[in-house]
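Below is one structure, written out as structure tokens, with a few remarks after it.
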Amino acid sequence: MGKEITSRSEDYAQWYIDLVKKADLAENSDVRGCMVIKPYGYSIWEKMQAGLDKMFKDTGHVNAYFPLFVPKSMFEAEEKNAEGFAKECAIVTHYRLKSDPLKKGKLMVDPDAKLEEELVVRPTSEAIIWSTYKRWIQSYRDLPVLINQWANVVRWEMRTRLFLRTAEFLWQEGHTAHATAPEAIQETEQMLNVYAEFVETFMAVPVIKGKKSEGERFPGAVETYCIEAMMQDGKALQAGTSHFLGQNFADAFGVQFTNKEGKLDKVWGTSWGVSTRLIGALIMAHSDDDGLVLPPKLAPIHVVIVPIFKTEQELEKISEQANQIAGALRKQGYSVKFDNRDTHKPGFKFAEWELKGVPVRIAIGPRDLENKTVEVARRDTKEKQVVALDAIATSIPALLDSIQENIYQKALAFRNSMITPVNSFDEFKQVLDGKGGFVLAHWDGTAETEAAIKEDTKATIRCIPLDAKPESGVCVYSGKPSDKRVLFARAY
RNA sequence: CGGGGUGUAGCGUAGCCCGGUAUCGCGCUUGGUUUGGGACCAAGAGAUCGUCAGUUCGAAUCUGGCCACCCCGACCA
């Protein structure tokens, strides 16, 4: 008996939880809202980090690390940002415990160790970073500052879901400072493009680039750009954001510089981030009722080799063959697992590695030894084929590329099929309640209409697509004029 | 924070209404037979029934408090 996974059609939310737990990605911890990311899940995160980090470096960024704690007075300096995060902040008020005189063996907060000023556990690091930039930036020669940090942040969420929303999560946050607005805007757009490229080429998840409406904008930002992805259940998921901060944080923290003309000027800022939430997106974009389907570019294990044997002698011979194949593939940079456990049957191993989403499985049995072949199975389509031994070194890399491409195309076709233009509010609601997905509709551009639609349908404006074609029409809700369609959806 | 639910072996559970220290499956250990899609047989080990108190000769079971977690909603990446 194996690990039963709830089917997507039966209960999509449960299917997701089953996958995360049974594929050993993560589990709930003893701390409310916080998860333990297990080695297999963390390995995916490491691959994401590696891919992104290279892209950040290639665009001129460097890594640094800023403190977890932010003094309250510093945190509240940029008012909108502070307000936006205020209700989900964890606060440190004391710095010491002591033995509880009333309960033997128990500890209590030492009332004498109260902090002069409370420390906010960062929900994001703009405050601490900009207060530091103030010291670093005096001249236009000090600009731009292009820094990224890999860190954990804490947002005290009411309700959490593994990877998608946890009280503590891992992410990267880029924080850049520039001499001019156009340069900062260009940076914002560049990083949005980096995210889009990463998500599409590594994760094989197609995204729509756009700007957030005022209501959905990052607190403290002038403009928030985002990439939006579509999950298999028809709900949208924000996969990354890039913010043009204007001079808001320069104002709040007094970050000024002397420009080439010798005049004092305020610095322009950006910030941008993606989180372990991407792992949730990865799961929900590709996986099926048998388990994970991982894109080769992020799979911790590319190829698993399963021997099929009766006797130890057979296993020995097969191992020799398997090690040869593994060695050749590893030389090409692929991660190969030879599953030579003699405690499980092949069928069990097949199911287990499928659950874990390993893109390619090679099975080798006595018949293969005789014929100088192996059986190659791909995870995405479950197709099997017999491949000659001497063709493996070329066919496996090709197959992995083909899997990467295939799952992207599949996700793209699905996503495209889930974009529905509508022209009336009735149609709007009908599509949302029926097939779901993205709804492309005219909107009058007001926050009131946006809020009313959200109230009525639970759908939010995911973004105003960057490539939206000018098209005159009337708002589906208010009937007022509109010059382009925007993307609505129910979202994670 | 509102509504609902759950807490019994590593995991999933039965038992609770009608009190007498615990059921079954998976997993684990040992031995044997097996191995081209989640093997089978046999023998074992493993639980102070979330926690504290009360009722009782006796509490997993009844009563009360507390704690934790999950699900649905509001909030959010």
Side-chain angles (χ1 to χ4, degrees), chain A residues 1-6 11 13-14 16-18 21-22 27-35 84-89 103 123-124 153-173 195 212 215-219 221 224 226-229 236-243 271-281 290-291 306-312 314-315 318 339-355 361-371 373-377 382 384 386 454-455 458 460 462 491-492:
Chain A
M1 272 291 291
K3 307 185 173 183
E4 289 299 317
I5 298 172
T6 307
D11 184 344
Q14 190 58 45
Y16 174 79
I17 294 166
D18 284 353
K21 292 190 172 171
K22 290 175 180 171
E27 61 188 42
N28 287 305
S29 72
D30 295 329
V31 186
R32 190 206 76 95
C34 296
M35 64 176 167
F85 285 107
K87 53 193 183 310
E88 44 190 306
C89 286
K103 294 177 193 158
T124 180
V153 286
V154 170
R155 296 181 188 175
W156 214 262
E157 300 290 348
M158 303 259 175
R159 205 180 135 213
T160 58
R161 300 189 67 183
L162 291 165
F163 289 116
L164 297 173
R165 177 163 294 107
T166 46
E168 179 194 15
F169 59 94
L170 305 182
W171 76 344
Q172 58 68 217
E173 45 182 327
Y195 286 155
K212 284 295 187 192
E216 298 280 323
R217 195 175 289 157
F218 176 72
T224 289
C226 63
I227 49 174
E228 293 287 327
L237 184 143
Q238 177 177 302
T241 50
S242 184
H243 315 289
S271 68
W272 27 274
V274 297
S275 72
T276 37
R277 175 179 235 212
L278 286 181
I279 296 174
D290 295 318
V306 176
I308 292 148
F309 60 97
K310 288 197 171 74
T311 63
E312 252 180 65
E314 265 175 7
L315 176 60
I318 291 167
D339 185 356
N340 61 355
R341 288 176 293 177
D342 58 4
T343 50
H344 295 276
K345 290 180 66 173
F348 178 91
K349 295 178 184 177
F350 291 177
E352 180 166 278
W353 295 113
E354 276 164 12
L355 170 62
R361 179 186 74 231
I362 296 177
I364 311 175
R367 262 192 338 246
D368 295 303
L369 286 185
E370 234 173 82
N371 303 333
T373 58
V374 296
E375 182 195 82
V376 175
K382 297 280 191 69
K384 297 180 198 174
V386 175
K454 183 178 177 183
E455 173 74 18
K458 304 242 187 288
T460 49
R462 300 320 304 156
Y492 279 100

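To find a chain, count down the sequence lines: A is the first, B the second, and so on, and within it residues start at 1. Just so it is clear, the values below take in all heavy atoms, side chains as well, and ignore hydrogens, waters and symmetry mates.
- Minimum atom distance to the side chain of A/Phe350 is reached by B/G37, of the listed B/G37, B/G36, B/G38.
- As judged by a 4.0 angstrom heavy-atom cut-off over every strand, A/Asp368 is placed among the base-contacting residues.
- From A/Leu164, atom CG reaches atom CG of A/Leu278 across 10.5 Å, with rounding to the nearest 0.5 Å.
- Residue-level contact check: A/Arg341 touches neither bases nor backbone, having no heavy atom under 4.0 Å from any strand.
- Side-chain N/O atoms of A/Asp11 and A/Thr6 include no donor and acceptor closer than 3.5 Å.
- Rounded to whole angstrom, the span from the OH atom of A/Tyr195 across to the P atom of B/A77 amounts to 14 Å.
- For the C1' atom pair drawn from B/U61 and B/G7, the interatomic distance equals 15 Å after rounding to whole Å.
- Note: A/Phe350 CZ to A/Lys384 NZ = 6.5 Å, rounded to the nearest 0.5 Å.
- With values rounded to the nearest 0.5 angstrom, A/Lys454 atom NZ is found 6.5 Å from A/Thr460 atom OG1.
- Between A/Glu352 and A/Arg341 there is a salt bridge, since a side-chain N of the basic residue sits under 4.0 Å from a carboxylate O of the acidic one.
- Between the side chain of A/Glu354 and the base of B/G37, a donor-acceptor pair under 3.5 Å is found.
- With a glycosidic angle more than 90° from 0, B/U33 adopts the anti conformation.
- Residue contacts shown for A/Glu157 include a base, since a base heavy atom lies under 4.0 Å away.
- Atom OH in A/Tyr16 sits about 11 Å away from atom P in B/C71, given to the nearest Å.
- Residue-level contact check: A/Thr166 touches the bases, meaning some heavy atom is under 4.0 Å from a base atom.
- Counting any heavy atom pair closer than 4.0 Å across all strands shown, A/Lys384 reaches a base atom.
- Looking at A/Glu27 and A/Lys21, no side-chain N of the basic residue comes within less than 4.0 Å of a carboxylate O on the acidic one, giving no salt bridge.
- Between A/Lys345 and B/G36, a side-chain N or O to OP1/OP2 separation shorter than 4.0 Å is present.
- Between the P atom of B/C70 and the CD1 atom of A/Ile17 lies a distance of 9 Å, rounded to the nearest Å.
- Secondary-structure stems of RNA chain B, taken as three or more successive Watson-Crick or G-U wobble pairs (i with j, i+1 with j-1) under a 3.5 Å distance threshold, comprise B:1-7 with B:67-73, B:10-12 with B:24-26, B:28-33 with B:39-44, B:50-54 with B:62-66.
- Projected onto RNA chain B by closest heavy-atom contact, A/Lys454 and A/Thr160 fall at different nucleotides, the more 5' of which corresponds to A/Thr160.
- Base engagement by A/Phe169 is indicated by at least one non-hydrogen atom pair under 4.0 Å involving a base atom.
- When the P atom is compared between B/U23 and B/G44, the two are found 14 Å apart, to the nearest whole Å.
- Here the side chain of A/Ala351 is nearest to one of B/A74, B/U35, B/G37, namely B/G37.
- The same atom, P, is picked in B/C28 and in B/G19; the two are 40 Å apart, to the nearest Å.
- With both ends at atom P, the span from B/G12 to B/C62 equals 22 Å, rounded to whole Å.
- Looking at every heavy atom in both residues, A/Phe169 comes nearest to A/Ser275 through CD1-CB, 3.6 Å.
- Checked against B/C75, B/A39, B/G73, the side chain of A/Lys458 finds its nearest nucleotide in B/G73.
- Here the P atom of nucleotide B/A39 and the CD atom of A/Glu352 are 11 Å apart, to the nearest Å.
- Counting any heavy atom pair closer than 4.0 Å across all strands shown, A/Lys87 reaches sugar-phosphate atoms only and no base atom.
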Grab the N/O contacts between the protein and nucleotides 41-43 of chain B below 3.5 Å, and write none if there aren't any.
none

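- Scanning all heavy atoms of the two residues, the minimum distance from A/Pro307 to A/Lys349 falls at CD-NZ, 4.3 Å.
- Across B/G36, B/G38, B/A77, the shortest atom-to-atom separation from the side chain of A/Phe348 is found for B/G38.
- B/U6 and B/G50 are spaced 11 Å apart, taking the C1' atom of each and rounding to whole Å.
- For the P atom pair drawn from B/U55 and B/C1, the interatomic distance equals 33 Å after rounding to whole Å.
- Nearest heavy-atom pair across A/Leu237 and A/Tyr492 is CD1-CB, 4.0 Å.
- Salt-bridge check for A/Glu168 with A/Arg155: failed, with every basic side-chain N at 4.0 Å or more from each acidic carboxylate O.
- Comparing B/A45 with B/G27, their C1' atoms sit 13 Å apart, to the nearest whole Å.
- Rounded to whole Å, the P atom of B/G65 lies 15 Å from the corresponding atom of B/G4.
- Rounded to whole angstrom, the span from the CD atom of A/Glu27 across to the P atom of B/C69 amounts to 14 Å.
- In this entry the distance linking CG of A/Leu315 with C1' of B/G36 reads 15 Å, nearest Å.
- Rounded to whole angstrom, the span from the CZ atom of A/Phe218 across to the C1' atom of B/C75 amounts to 16 Å.
- How far CH2 of A/Trp171 is from CZ of A/Arg277: 12.0 Å, rounded to the nearest 0.5 Å.
- As judged by a 4.0 angstrom heavy-atom cut-off over every strand, A/Leu164 is placed among the base-contacting residues.
- Atom CD of A/Gln14 and atom P of B/G5 are 18 Å apart (whole Å).
- Toward the 5′ end of RNA chain B lies the nearest nucleotide of A/Lys310, the other residue of the pair A/Arg462 and A/Lys310 mapping further downstream.
- Side-chain atoms of A/His243 and A/Thr224 include a donor-acceptor pair closer than 3.5 Å.
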